[in-house]
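In what follows, a single structure is set out as structure tokens and then discussed.
Per chain, numbering begins at 1; letters A, B, ... match sequence-line order. Everything numeric here is computed off the predicted structure, so don't read it as measured data.
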Amino acid sequence: MSASLEKGIQALKEQVDSSVASFFSSCVHCGMCADACVFYTETGEPELTPITKTEPLRRIWFSEYTLIGRLMKTLGLAKRVDEQLLSDWETLVYDSCSMCGRCSMVCPVGNDITEMIRRTREGIAAAGHAPEGLIGATQRSVTIGSPMGVRLPALQAQIKHIEKDTGMSVPLDVEGAEYMLLLSSMEIMNFPEFIEAIAKIFDKAGATWTISSEAFEATNAGIQIGVSDIAATLVQRVVDAAEKLKVKTVISPECGHAYMAIRWEGPNLIGKPYNFKVRHILEVLDDFREQGRLTLTGKESQKLTYHDPCQIARRGGVIDEPRNLINMFAENFVEMPENGKMNWCCGAGGGVASIERAEDLKLLAFKHKKSQLDAIHVEAIVSACSTCRMQFEESLEEYHMDIPIISLTETIAEHIAEDK
Amino acid sequence: MNEIEFLSWVRGPGFQIATVIFVAGIIIRLGETLLLGRKANLAEAKGSEMSSGLRTVAARMLPPDRETFKRSTFTIVAGYIFHIGLFVTIFLYAPHILLIKDVIGFGWPALPSQIVDAFTVVSLIALLAILLHRLTDKVLRHLSGPEDYIVWFVTIAPLLTGYLAFHRLGGSPVMMLAIHILSVELLMVLFPFTKLMHTFTLFLARWYNGAISGYRGVES
Ligand code: SF4
Ligand code: SF4
């Protein structure tokens, strides 16, 4: 057995626990998970059925952790995990799964298939079969600190621009600030308006905040590729920075998996609870609203909808907050036919957007979102994830749909009352 | 071995062997699953694991949201019909209750046998339709292996043989009854080692699903 295969198998073994065993024991092969998955509904390819994506993990569970499976393995009858299988499954677990979590909501026996796929990625990555784009992003995250290779000077340059344009200050490394803001590289490079929005909102709300020069990156490529060690290293950087600056709350920005990584997986990856809180920016803004620290003026009369980023809503638990906030400025808000915890994925999450060869599939997967949009005829889409935003911008153009997609945080900032 | 001897074997030693494998198998399967354990979640909770888990155990018993229902109508409707039919036939038929009372010491009221018979017929039809669906639907064909067809067979066999025995069809009544009991024993023996185990493990699976999701504040 090659060393890499051995590593892959070992990584899969480490993923089996009582929840995984219960899930595999319960699958009745009913096929309902297929109808919940954009990658199946838009391609019609049965191989993309969610539970199929977990086959390598299933084989390890069966042959190593069940009596009958071990017996069959001894007799040479159990299906094996080999190099070929792991390499064949690469495109299934990475290109064709955005970790959106929808399959886990419909399985009648209750399997959390998304979690099973997430764990299957650990084995495939350990065996060296992760997509190049993700490997690159992961390496850049470890060595440079950002999946897109964004370094501190680039952030400082953006901050300077913003400070010059707005006359507001963007605090860097301020010890004792209440909040520490994380940013995704995409926000720093493509959507710096987000930083500007935060400066404006927090100023009016009278909240102190800062960005750490040592850990400003919110995304976690280790989570996307499925390598827990690396994911833990990246989480630890944020933890160290937050402790150094003695902040009370770390804010995860408008990025889906960043929130999953730092809020839900983080403490489990580093093996201890945080001594600060982690909140999504929408949760913080909703707190401000409740405390009366968010005063908005002017209404949006255009017809708006909200796209729930999967990791923030279904997998993250931030569902009511964006709606409370939108209600503050929207006169004509409509929900998509399926929304909140049952929303459909845009098709780009879970690392899919970083995989070059998945371009076409990603565009095809968007068709489900397109059909949802076709049903409601809106003039603008509000959302809260940079990856969703890029996917919407690219796909809407491709499908000749002239609908802007706007950031919720930025929209709030635009409506901030000037005289508080 | 003549008919009578065959019947007394399946009723006696045969049934005992099947029961031992059935019970021991289930205990082993549940044991090997639960003993794996699971790490405690260290993230700050947004909801309760226990109550969310229990909620999902119950919620997935009920039909799903309308859109999901529309997408998987056949699977859901046929699934309900044959599960309810199986339940009624197994647990509410007078002779079965007598047998259960013999083993565990107490029983419960039965439904009139004509009603149980109707449930049996409906379940048989549903199971046939389910097989047809499995053989023709592209996702199901892709997912299905020998185990799926074996499990289908050992599920429908007791229903069919029971139906025939009850209506005195298909040969001598003694023989039919013996075959019926044998088919149940086959089901019991395979039960712990096939997807039939979902009968028990789905409670665990749903609980974990609900707990994972509920911890983050989402009802699943
Ligand atoms: S929906 Fe659940 S039970 Fe049905 S095939 Fe998918 S994982 Fe298995
Ligand atoms: S998590 Fe989403 S994309 Fe992945 S298999 Fe499930 S439904 Fe499909």
**Report entry** Donor-acceptor contact below 3.5 Å, side chain A:K341 vs main chain B:V218
**Finding:** no
Report task. Show your working on salt bridge (Lys or Arg N to Asp or Glu O under 4.0 Å) between B:E32 and A:R70 and close with a plain yes or no. Result -> CA-CA 12 Å; B:E32 70 190 9; A:R70 279 203 300 268; 5.4 Å; no
Requested in this report: Check for a donor-acceptor pair, side chain of B:R71 on one end and backbone N or O of A:A36 on the other, with a separation under 3.5 Å.
Outcome: no
Query - Heavy-atom pair of closest approach, residues B:K138 and A:Y40 - result: CE-OH, 3.3 Å
Query - Close side-chain approach of A:M32 to B:I76, heavy-atom, < 4.5 Å - result: yes
Query raised in the report: Looking only at heavy atoms, what is the nearest atom pair of B:T68 and A:M342, with distance?
Result: OG1-CE, 3.8 Å
Query - Residue pair A:R314 / B:S213, side-chain heavy-atom distance below 4.5 Å - result: no
Query - A:P273 portion near chain B, given a 4.5 angstrom heavy-atom threshold - result: both
Query - Atom pair OG (A:S18) and NZ (B:K39), whose distance is rounded to the nearest 0.5 Å - result: 12.0 Å
Report summary line: Rounded to the nearest 0.5 angstrom, the CG-CG distance for B:L35 and A:D17 is 13.0 Å
Query raised in the report: Do you know which of B:I130, B:I212, B:L196 has the most heavy-atom pairs under 4.5 Å to chain A?
Result: B:I212
Query raised in the report: Under 3.5 Å, is there a donor-acceptor pair between the side chain of B:T33 and the main chain of A:A21?
Result: no
**Report entry** salt_bridge(B:R66, A:E338) N-O dist < 4.0 Å
**Finding:** no
**Report entry** Heavy-atom pair with the smallest gap, counting every atom of B:L204 and A:S22
**Finding:** CB-OG, 3.5 Å
Query raised in the report: Is it true that a side-chain atom of B:R216 and a backbone atom of A:V318 form a donor plus acceptor pair closer than 3.5 Å?
Result: no
Report task. Spell out, as yes or no, whether a donor-acceptor pair under 3.5 Å connects the side chain of B:K195 to the backbone of A:V28. Result -> yes
